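As C-alpha cells, the structure follows; a few thoughts come after it.
These figures come from a predicted structure and were not determined experimentally. Excluded from the calculations below are hydrogen atoms, water molecules and symmetry mates; all remaining heavy atoms, backbone and side chain alike, are included. In what follows, chains carry the letters A, B, and so on, assigned in the order in which the sequence lines appear, proteins first and then strands, with residues in each chain numbered from 1.
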There are 2 protein chains.
Amino acid sequence: MSDDLTPRARRLRDAGHKLTHARLTVLAALEDSGGHITSSEVLERVNLVDHTIGRASVFRTLDLLTSLSIIRPTYLHSSMTPTYVLLPDGHHHHFICTRCNRVIEFDDCGLAQIETDLEARLHVKLTGHLLEFYGLCERCAAESTFTPSTTESAS
Amino acid sequence: MSDDLTPRARRLRDAGHKLTHARLTVLAALEDSGGHITSSEVLERVNLVDHTIGRASVFRTLDLLTSLSIIRPTYLHSSMTPTYVLLPDGHHHHFICTRCNRVIEFDDCGLAQIETDLEARLHVKLTGHLLEFYGLCERCAAESTFTPSTTESAS
DNA sequence: ATACCAATTGAGATATAGTATCAACAGGGT
DNA sequence: ACCCTGTTGATACTATATCTCAATTGGTAT
C-alpha cells in the first residue's frame, strides 16, 4: 500500500485501472508540462523518458484520462491536433484569441452554483467543466480597428 | 446589395471575407446539420451538394468560421476528429457523458455578467464562449454504482 | 456591363495523427 | 509465487488535415 502516489494517479487506481508504467509516464509528462500540451508533445516527452513505450499506449492513456475528467482535449491552434489541458480541480477556464491564438488562463469562474443547479435539473453527476472564452486579445483588437485584412490605406 | 443573406453569411462578409460558393456551401451544411457535426460529415454533405468543392476549401472554411466564433470545434467522441458546434448567439453549452458520450444541450448559462467582468479585467474583446460540463449521465451514473467495469446484468 | 486584381479555389500528393491487431507481458489480489 | 485479466508495444493501416500553385472567381471600380 505505498500511498506515495500523486492525487491523479490515485484517481486512476480508484477508478479501477492499473497503475502501469506507461500510464504513470504519460501522466508525469502531462503534469510536467503544466497543461496546454498537444498529443505530439506528450509523445515526445514520453519518448525521452522511455522510448519503449508505444504510441498506442500514449493515446489510450490520453483517452482514459479524458474519460476520468483528469484532462480535457480542446482546440487552440490548428484543427488538427487537440491540446490537452489539466483540470486541477475538475475545471479549467481560459480565453483564446481567435486571431493570434494567445491563451490567457484564469481561475475563478463562479460556476459552482450553476453546477449544482444543473446536476439537479439534468439528473447527471458532474465531474468537471471547461469554460472557454474567445475573442480578440488587446493587441489584436487594436490592430483590427484599422482594416480587416491587408491593412490598406483608405484613400 | 442583395441582402438576402443569412446572418452568419453576413458576418463573414462584414469581417472582410468573400462570400464564395465553397464557403456558403459549407455554411449551409453546418446550418442544416444543426451542429455537433464532424469535419467528415461536413465534407460528405458538401460533396452531395457539389462534388467539385475541394476538401482543402472545406477545412479552410471551418478554420475561418472558427476564427470568427461562428462555430467552435470540440471533442465529443474520439480524440481523433473534432465535432463542430454552431454558436447561434456566440455561445453554446452542453453536458457530455464521459462514459457513453451522450450530449445534453441547454441554453441558459448566466455568464453574461461574467463576460462583462472578464472583458474589463483582461482587456479583451469577447465574441463568444463555450461551456462544457462533463460527468456521468443518469444511466451511466446508475450503472457505475454497482461495479466499475464488468457491469452487465443488474439483477 | 466589363475589366481588373487580389483573395480564394481545387486537385491530389504529402504529411501527420490516431487506430486495429494480437501475441506477450505485468499489475495486483490471493 | 501464482494466476487471471487488463494492458502493452510493434507495426501496418486508415483517417485526417495541409501544402502548393496554376486557374478561377468575387466584388469593386470603371
[N] [atom2] sits how many Å from [X] [atom1], rounded?
| X | N | atom1 | atom2 | result |
| --- | --- | --- | --- | --- |
| A:L64 | D:dG6 | CG | C1' | 12 Å |
| B:L43 | D:dT16 | CG | P | 9 Å |
| B:E41 | D:dA15 | CD | C1' | 14 Å |
| A:R13 | D:dT7 | CZ | P | 14 Å |
| A:E44 | C:dT16 | CD | C1' | 14 Å |
| B:Y75 | D:dT16 | OH | P | 11 Å |
| B:R55 | C:dG12 | CZ | C1' | 8 Å |
| A:L12 | D:dT7 | CG | C1' | 13 Å |

Have a look at the helix from C:dA1-D:dT30 to C:dT30-D:dA1 and give the angle its two end axes make, five pairs each, rounded to 10 degrees.
60°
Phosphate-side-chain proximity, A:S40 and C:dT16, N/O vs OP1/OP2 below 4.0 Å
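No, outside the criterion.
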Hey, does the side chain of B:S39 come within less than 4.0 Å of D:dA17's phosphate (OP1/OP2), counting only N and O?
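For D:dA17, OP1 or OP2 has a side-chain N or O of B:S39 closer than 4.0 Å.
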Do A:R23 side-chain atoms and A:K18 backbone N/O form a donor-acceptor pair below 3.5 Å?
yes
Please check if the side chain of B:T83 supplies one atom and the backbone of B:T38 the other of a donor-acceptor pair under 3.5 Å.
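Side chain of B:T83 to backbone of B:T38: no pair is present.
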My understanding is that only residues two or more places apart in sequence, or in another chain, count here; which of them pass side chain to side chain donor-acceptor pair (under 3.5 Å) with [X]?
| X | value |
| --- | --- |
| A:T25 | none |
| B:R60 | B:S57 |
| A:T20 | none |

Do any pairs count as a salt bridge (Lys or Arg N to Asp or Glu O under 4.0 Å) and have a residue in residues 109-118 of chain A, sequence neighbours left out, and if so which ones?
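Every pair satisfying salt bridge (Lys or Arg N to Asp or Glu O under 4.0 Å) with a residue in residues 109-118 of chain A: there are none.
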The side chain of A:R23 is closest to which nucleotide in this list: D:dT8, C:dG10, C:dA17?
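Ranking D:dT8, C:dG10, C:dA17 by closest atom to the A:R23 side chain puts D:dT8 first.
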Minimum-distance nucleotide to A:M80 side chain [options: C:dA17, D:dT7, C:dG10]:
C:dA17
Mind running a 4.0 Å heavy-atom check of residues 46-54 of chain B against DNA chain C and sending the residues that fall below it, in number order?
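Here the set is B:T52, B:I53, B:G54.
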Counting the atoms with a prime plus P, OP1 and OP2 as sugar-phosphate, which does B:A56 contact under 4.0 Å by heavy atoms, base, sugar-phosphate, or nothing?
base
Sequence-distant partners of [X], side-chain contact (heavy atoms from CB on, under 4.5 Å), two or more places apart:
| X | value |
| --- | --- |
| B:R45 | B:A29, B:D32, B:S33, B:I37 |
| A:L43 | A:R55, A:V58, A:F59 |
| B:I104 | A:L122, A:V124, B:F95, B:R102 |
| B:T66 | B:I71, B:R72, B:P73, B:Y84 |

For nucleotides 24-27 of chain C, give me every protein contact, N/O to N/O, under 3.5 Å, one pair per line with atom names.
residue	atom	partner	partner atom	Å
C:dG27	N2	A:K18	NZ	3.4
C:dG27	N3	A:K18	NZ	3.3

Are more than 12 heavy atoms, taken from residues, nucleotides or ligands other than A:D50, located less than 6.0 Å from that residue's CG atom?
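Yes - once you tally the heavy atoms of other residues, nucleotides and ligands closer than 6.0 Å, there are more than 12.
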Please determine whether any donor N or O and acceptor N or O are separated by less than 3.5 Å between the side chain of B:R60 and the base of C:dG10.
yes
Earlier contact from the 5' end, DNA chain D, for A:V58 and B:P82
A:V58
Summary of ring-ring contact (aromatic ring centres under 6.0 Å, His included) pairs that have at least one residue in residues 18-48 of chain B, sequence neighbours excluded
B:H36-B:H92, B:H36-B:H94
